[in-house]
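Every heavy atom of this structure was used, including side-chain atoms; hydrogens, water molecules and symmetry mates were not.
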Amino acid sequence: ASNSSVAVGAVVKANAYGLGAMEVLSALARAGCRTFYVAHTSEGEEARRALAGFDADIFVFNGFWPVEIPALRAANLFPVINDLAQVESLRLLAPDLPFGLHIDTGMARLGLGDAETEKLLARPQILDGLAPRQIMSHLACADDPKAPLNTLQRRRFQRVREQFPHIPASLSNSAGIMLGAQYHFDVLRPGLALFGGCPIP
């Protein structure tokens, strides 16, 4: 079991896994969810419409292009930054815009790779003057509880968390939640499990 201070966000990308984002988002908000994750800015705009009347945070996994900044501001969306070049772009164009920071601890899909992560750890002031709302990573094989990569990813993520203890941290997807409290950090990110999928065979 997780401790009671851990929040639960909801991954609702791809039209809430095909079930209808507008209906799913409003149902989750009525149930008390206040943190949501989508893939693209256009999905975030739709989510904001569905969440009208609710004070909710919406993170956009795929970061941003500079041309999207007005749309992000208009819908109060938080881009998830995936490399240090985007951090500098944000500093130049919208330093007050809240954002998430994705660390690639082993998924090899999105996020700061090893070299950029080491640069960030050596120079944490890279984030000074900006508005990070969450640091996150994604487990590559949490559906296999015995996979050694799970422990390695958790340890890599813990190093970043220790450098930025004031920023909420999120590691666990649906399967990661079931690996136990040491994987939970501050915010859980179920997706598949919200919609009846079994994340561990």
Side-chain angles (χ1 to χ4, degrees), residues 7 9-17 21-22 24-25 29 33-138 140 156-157 160-161 163-164 166-171 173 185-187 189 191:
V11 178
V12 290
K13 61 187 179 180
N15 195 29
Y17 291 69
M22 298 297 281
V24 167
L25 281 155
C33 187
R34 292 296 180 267
T35 303
F36 298 88
Y37 302 88
V38 299
H40 305 285
T41 298
S42 58
E43 290 182 341
E45 292 172 317
E46 180 182 34
R48 184 57 71 196
R49 291 191 295 273
L51 295 168
F54 293 98
D55 182 16
D57 293 342
I58 304 172
F59 290 87
V60 179
F61 280 138
N62 284 6
F64 72 98
W65 294 100
V67 70
E68 293 181 294
I69 288 177
L72 292 167
R73 287 195 185 282
N76 190 24
L77 306 176
F78 304 164
V80 176
I81 303 303
N82 290 291
D83 58 56
L84 293 181
Q86 281 196 334
V87 171
E88 289 311 306
S89 181
L90 197 68
R91 182 182 300 283
L92 288 171
L93 300 172
D96 61 315
L97 187 67
F99 67 97
L101 185 66
H102 194 148
I103 307 296
D104 179 10
T105 57
M107 185 73 178
R109 185 169 66 186
L110 290 172
L112 275 65
D114 290 346
E116 287 202 317
T117 299
E118 292 304 320
K119 184 175 180 180
L120 176 66
L121 292 174
R123 296 184 58 236
Q125 62 269 28
I126 288 172
L127 300 185
D128 286 357
L130 300 177
R133 290 289 186 90
Q134 195 172 112
I135 292 177
M136 66 181 69
S137 191
H138 194 285
R156 288 173 173 170
F157 190 64
V160 180
R161 166 62 183 278
Q163 185 72 272
F164 301 99
H166 58 291
I167 304 174
S170 178
L171 176 62
N173 53 2
F185 292 90
D186 302 306
V187 185
R189 297 195 317 273

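Remark: side-chain polar atoms of Arg189 are not paired, donor with acceptor, to backbone N or O of Ala10 under 3.5 angstrom. Under the 3.5 Å distance criterion, the side-chain polar atoms of Thr35 are left unmatched by any main-chain donor or acceptor of Gly9.
Taking CG of Leu77 as the reference point, atom CG of Asp57 lies at 10.5 Å (rounded to 0.5 Å). Atom CE of Met136 is separated from atom CG of Leu110 by 10.5 Å, given to the nearest 0.5 angstrom. A distance of 12.5 Å separates OH of Tyr37 from NZ of Lys13, quoted to the nearest 0.5 Å. Atoms CD1 and CZ, from Ile167 and Arg133 in turn, are 11.5 Å apart once rounded to the nearest 0.5 Å.
Taking the ring-ring contact (aromatic ring centres under 6.0 Å, His included) definition, one finds that Phe64 meets it with nothing, sequence neighbours left out. Here Pro124 pairs with Gln163, Phe164 under the side chain to side chain contact (heavy atoms under 4.5 Å, CB included) rule; sequence neighbours left out. Residues satisfying the side chain to side chain donor-acceptor pair (under 3.5 Å) criterion with Thr105, sequence neighbours excluded, are Ser137, Gln153. Under the side chain to side chain contact (heavy atoms under 4.5 Å, CB included) criterion, Ala47 pairs with Leu25, Val38, Ile58, not counting sequence neighbours. Under the salt bridge (charged side-chain N to carboxylate O under 4.0 Å, His left out) criterion, Asp186 pairs with Arg161, not counting sequence neighbours. Scanning for ring-ring contact (aromatic ring centres under 6.0 Å, His included) contacts around Phe99 gives an empty result, with sequence neighbours left out.
Closest non-hydrogen pair, Asn15 versus Ala21, comes out as OD1-N, 2.8 Å. In this structure, Phe185 and Ala169 approach most closely via the heavy-atom pair CB-O, 3.4 Å. Contact detail for Leu93 and Pro66: the closest heavy-atom pair is CD1-CB, 3.6 Å.
Considering only heavy atoms from C-beta on, Leu101 comes within 4.5 Å of Leu120 through its side chain. Side-chain contact between Leu90 and Leu97 is present, with heavy atoms from C-beta onward closer than 4.5 Å.
Residue pairs meeting the salt bridge (charged side-chain N to carboxylate O under 4.0 Å, His left out) criterion with at least one member in residues 117-131, sequence neighbours excluded: Glu118-Arg159. Listed by first and then second residue, the ring-ring contact (aromatic ring centres under 6.0 Å, His included) pairs that reach into residues 68-95 are Phe59-Phe78, sequence neighbours excluded. Every pair passing salt bridge (charged side-chain N to carboxylate O under 4.0 Å, His left out) that includes a residue from residues 89-106 is listed here, sequence neighbours excluded: Arg73-Asp96, Glu88-Arg91. Residue pairs meeting the side chain to side chain donor-acceptor pair (under 3.5 Å) criterion with at least one member in residues 74-87: none, sequence neighbours excluded. Sorted by first then second residue, the side chain to side chain donor-acceptor pair (under 3.5 Å) pairs that include residues 38-48, not counting sequence neighbours, are His40-Asn62, Thr41-Glu68.
Of the residues listed (Thr117, Ile135, Val160), the one engaging Leu112 in a side chain to side chain contact (heavy atoms under 4.5 Å, CB included) is Thr117, and it is the only one.
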